[in-house]
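Here the structure is laid out as structure tokens; the discussion comes afterwards.
Residue numbers count from 1 along this sequence.
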Amino acid sequence: MAFRTVNPASGETLAEYRPDTVAEAIERADAAAAAFRAWRRTTFDARGAVLVRAAELLRRDREAHAALMAREMGKPVREGVREVEKCAGMLEHYAEFGERYLRDIPVETEAARSGVVHAPIGVVLGIMPWNFPFWQFFRYAAPTLMAGNATLLKHAPNVQGCAEAMIEVFREAGAGDAALNVRLEPEDVPALMDHPGVRAVTLTGSVRAGRAVAAEAGRRILKTVLELGGSDPYLILEDADLGHAVEQCAVSRLINTGQSCIAAKRLVVVEPLYDAFVEQLSARLREVEPGDPMDPDTVIGPMARVDLRDALHGQVSRAIDEGARLYFGGTIPDRPGAWYPVTLLTEVRPDSVAGQEELFGPVACVLRARDEAHAIAIANDTPFGLGAAVFTEDRERGERIARDDLDAGACFVNAFVRSRARLPFGGVKESGYGRELGSFGIAEFTNAKAIWVD
């Protein structure tokens with residue numbers, strides 16, 4: 001069956017792409033493995049020059065890339081431009097710091113000389129999602145290539161145009177076959193993992209997909225990094241700057257039309273501020289109406305696919321059945337496309353669908369906590385552990401909670417959670433394992449090789 005890209009704003013089919021056969025995918029893996037043998041011998045300076053050139057190409061065509069994202073998955077072009085710029089900055093970061101991150105580490109022993117070097121391991125298969133179609137790819141591909149590895153991209157079916165555009169960026173930048181694209185049905189991916197040149201898999205996606213990939217990788221003893229779902233708690237304590245907390249929560253919840261793994265999903269508010277927080281958040285969210293993603297003034301567009309919109313609406317309906325109050329929104333509009341309104345649920349129970357599952361769309365859920373200890377307990381009472389935030393005027397208090405009390409891979413104080421090139425990114429519990437970005441991200445797919453010279 002062909003992969004179809006569909007404009008979620010209209011339901012119009014944009015293009016169809018024939019999936020690769022297993023034999024074609026193996027040929028692509030052969031090419032990437034051959035490229036790896038040469039690429040690993042290049043210098044850090046040479047690899048960095050390719051990354052810098054890729055950044056230049058991205059910036060040159062940023063408006064076209066943003067428009068492509070808008071057409072294929074509904075991202076407003078204003079956000080698409082920012083995404084492309086973020087990718088370019090991250091490429092430049094690894095071009096500048098990659099060699100430093102992977103510098104040799106001398107170790108004092110009885111040997112004449114000993115230490116650790118970081119050697120590339122081979123071809124890394126990247127299985128990427130549709131929600132940040134450029135960022136998710138470059139986030140892993142830049143450090144992977146800078147470390148001397150090659151990569152195969154298996155992107156989500158609904159963003160195949162984005163996949164081709166990104167691989168073309170690397171090809172024009174000089175990476176050659178060290179970065180290639182494959183179009184495979186899910187059931188054919190294990191055959192690609194059997195290729196002897198493929199030595200690692202990185203996946204950003206659902207918990208279900210993560211379990212499947214980890215199981216297949218385990219059978220083949222392949223290194224994996226999994227960045228899975230999130231249901232990030234944002235704690236609003238009694239001494240928080242209420243206006244600032246509301247704004248940060250609103251911005252975070254609406255990024256990418258709410259389709260972000262690190263969006264503010266569960267807003268846990270202590271009793272003294274609860275009613276005022278709900279009132280101010282409601283006023284802030286009511287200002288935002290979904291609009292044409294091609295309009296530069298649009299803040300949120302349609303969701304990426306109709307089936308995803310319908311699944312989200314099902315979760316909202318179940319949450320209401322379980323006692324949540326529908327403050328506003330929650331109605332599927334009568335129009336073509338994958339549209340869903342900004343929705344606010346209050347009085348959400350921690351043990352309900354909205355308290356335990358990931359709601360991937362423009363739905364804000366507010367939970368009531370008695371005090372700090374109760375808020376922390378609610379925050380951690382989830383299978384996820386990707387990001388978290390705490391809002392308090394007392395920075396030392398906030399940092400203590402972030403460091404010692406919240407079970408998450410990234411904890412922010414008085415700001416919404418976001419990824420940054422210099423800091424590691426990843427989760428705990430069902431949000432996955434391993435890290436991307438920073439020094440940790442580039443070291444993930446290297447062999448920390450001990451060297452002893454007698």
*What's the verdict on side chain to side chain contact (heavy atoms under 4.5 Å, CB included) for Ser439 and Phe97, showing C-alpha distance, side-chain angles and the deciding distance?*
CA-CA 9 Å; Ser439 61; Phe97 291 100; over 6 Å; no
*asked:* Strictly distance-based, threshold 3.5 Å: is any side-chain N or O of Arg47 a donor or acceptor partner for the main-chain N or O of Met146?
replied: yes
*Measure the spacing between CG of Leu57 and CD of Glu172 and express it to the nearest 0.5 Å.*
4.5 Å
*Heavy-atom pair of closest approach, residues Arg435 and Gly427*: NH1-O, 3.1 Å
*Looking only at heavy atoms, what is the nearest atom pair of Pro8 and Ala304, with distance?*
CB-O, 3.3 Å
*asked:* Taking side chain to side chain contact (heavy atoms under 4.5 Å, CB included) as the definition, give me every residue that meets it alongside Glu92, ordered by chain and number, with sequence neighbours left out.
replied: Ala55, Arg59
*What is the minimum heavy-atom distance between Arg284 and Ala250, and which atoms define it?*
CG-CB, 3.5 Å
*What residue pairs, at least two apart or across chains, pass side-chain hydrogen bond (donor to acceptor under 3.5 Å, both in side chains) with a residue in residues 150-161?*
Tyr140-Thr151
*Distance from Leu237 atom CG to Asp394 atom CG, nearest 0.5 Å?*
9.5 Å
*Has the side chain of Arg28 got a donor or acceptor atom that lies under 3.5 Å from a matching backbone atom of Asn181?*
yes
*With a 4.5 Å heavy-atom cut-off, do Glu216 and Val201 have their side chains touching?*
no
*If you round to the nearest 0.5 Å, how far is CZ of Phe137 from SG of Cys162?*
11.5 Å
*Less than 4.5 Å apart, any side-chain heavy atom of Val363 and any of Gln315?*
no
*CZ of Phe440: more than 12 outside heavy atoms within 6.0 angstrom?*
no
*Sequence neighbours left out, what passes side chain to side chain donor-acceptor pair (under 3.5 Å) with Lys265? Give chain and number order.*
Glu358
*Taking Ser252 for the side chain and Cys249 for the main chain, is one N or O donor matched with an acceptor at less than 3.5 Å?*
no
*Supply the atom-to-atom distance Ile127 CD1 to Thr202 OG1, rounded to the nearest 0.5 angstrom.*
8.5 Å
_Step-by-step side chain to side chain contact (heavy atoms under 4.5 Å, CB included) determination, Arg305 to Trp130_ = CA-CA 10 Å; Arg305 300 198 311 259; Trp130 48 263; 3.7 Å; yes
*Taking it one step at a time, do Phe170 and Phe138 satisfy ring-ring contact (aromatic ring centres under 6.0 Å, His included)?*
CA-CA 10 Å; Phe170 270 137; Phe138 284 108; 5.3 Å; yes
*asked:* Between Gln248 (side chain only) and Phe416 (backbone N and O only), is there a donor and an acceptor less than 3.5 Å apart?
replied: yes
*Any ring pair (Phe, Tyr, Trp, His ring centres under 6.0 Å) pairs touching residues 194-243, not counting sequence neighbours?*
none
_Main-chain N/O of Ala150 paired with Trp39 side-chain donor or acceptor, under 3.5 Å_ = no
*I would like to know whether Arg266 and Val348 meet side chain to side chain contact (heavy atoms under 4.5 Å, CB included); could you show each step before the answer?*
CA-CA 9 Å; Arg266 295 177 298 134; Val348 171; over 6 Å; no
*asked:* Evaluate Ile105 against His118 for side chain to side chain contact (heavy atoms under 4.5 Å, CB included), listing each step before the verdict.
replied: CA-CA 9 Å; Ile105 304 172; His118 293 90; 4.0 Å; yes
*Got a donor-acceptor contact below 3.5 angstrom from the Asn149 side chain to the Pro120 backbone?*
no
*Hey, is the main chain of Ala35 close enough, under 3.5 Å, to the side chain of Asp177 for a donor-acceptor pair?*
no
*asked:* With a 4.5 Å cut-off on side-chain heavy atoms, are Leu235 and Leu406 touching?
replied: yes
*Name all residues meeting the side chain to side chain donor-acceptor pair (under 3.5 Å) criterion together with Asp407; count only those two or more places apart in sequence or in a different chain, and write none if there are none.*
none
*Scan for salt bridge (charged side-chain N to carboxylate O under 4.0 Å, His left out) pairs involving residues 125-135, sequence neighbours excluded, and state none if there are none.*
none
_Neighbour count >12 (heavy atoms, 6.0 Å) for atom CD, Glu396_ = no
*Is it true that atom CZ of Arg4 has more than 12 heavy atoms of other residues, nucleotides or ligands lying nearer than 6.0 Å?*
no
_Can you tell me how the ring of Tyr94 sits relative to the ring of Tyr101, calling it parallel under 30°, perpendicular over 60° and tilted otherwise?_
perpendicular
*Of all residues at least two apart in sequence or in a different chain, which pass the side chain to side chain donor-acceptor pair (under 3.5 Å) check with Arg253?*
none
_Within this structure, what is the CG-CZ distance for the pair Asn256 and Arg82, rounded to the nearest 0.5 Å?_
10.5 Å
*Are any non-hydrogen side-chain atoms of Val270 and Glu372 less than 4.5 angstrom apart?*
no
*If every non-hydrogen atom of Thr298 is compared with every non-hydrogen atom of Ile300, which pair is closest and at what distance?*
CG2-O, 3.0 Å
_Quick one: does any side-chain atom of Glu72 pair with a main-chain N or O of Val6 as donor and acceptor, under 3.5 Å?_
no
_Test salt bridge (charged side-chain N to carboxylate O under 4.0 Å, His left out) applied to Glu83 and Lys75, Arg139, Arg62, the passing residue_ = Lys75
*According to the salt bridge (charged side-chain N to carboxylate O under 4.0 Å, His left out) rule, which pairs have a member within residues 121-131, sequence neighbours left out?*
none
*With the side chain counted from C-beta on, respond yes when Glu393 and His244 share a heavy-atom pair under 4.5 Å apart, and no when they do not.*
no
*Examine the side chains of Thr382 and Lys429 and answer whether a donor and an acceptor come within less than 3.5 Å of each other.*
no
*Going by heavy atoms in the side chains, are Arg403 and Cys411 under 4.5 Å from each other?*
no
*Which residue pairs satisfy the salt bridge (charged side-chain N to carboxylate O under 4.0 Å, His left out) criterion with at least one member in residues 439-449, sequence neighbours excluded?*
Lys223-Glu444
*Which value, rounded to the nearest 0.5 Å, describes the distance between Leu226 atom CG and Leu203 atom CG?*
6.0 Å
_Going by the rule side chain to side chain donor-acceptor pair (under 3.5 Å), which residues pair with Tyr433 if we only count those two or more places apart in sequence or in a different chain?_
Thr224
*Got a donor-acceptor contact below 3.5 angstrom from the Asp232 side chain to the Ala264 backbone?*
no
*Under the side chain to side chain contact (heavy atoms under 4.5 Å, CB included) rule, collect the residues that match up with Arg103, sequence neighbours excluded.*
Arg100
*Going by the salt bridge (charged side-chain N to carboxylate O under 4.0 Å, His left out) test, which pairs reach into residues 107-128, not counting sequence neighbours?*
none
*With a 4.5 Å heavy-atom cut-off, do Glu227 and Leu386 have their side chains touching?*
yes
*Okay, side chain of Asn414, backbone of Thr392: is any donor-acceptor separation there less than 3.5 Å?*
yes
*Under a 4.5 Å cut-off applied to non-hydrogen side-chain atoms, are Val77 and Met69 in contact?*
no
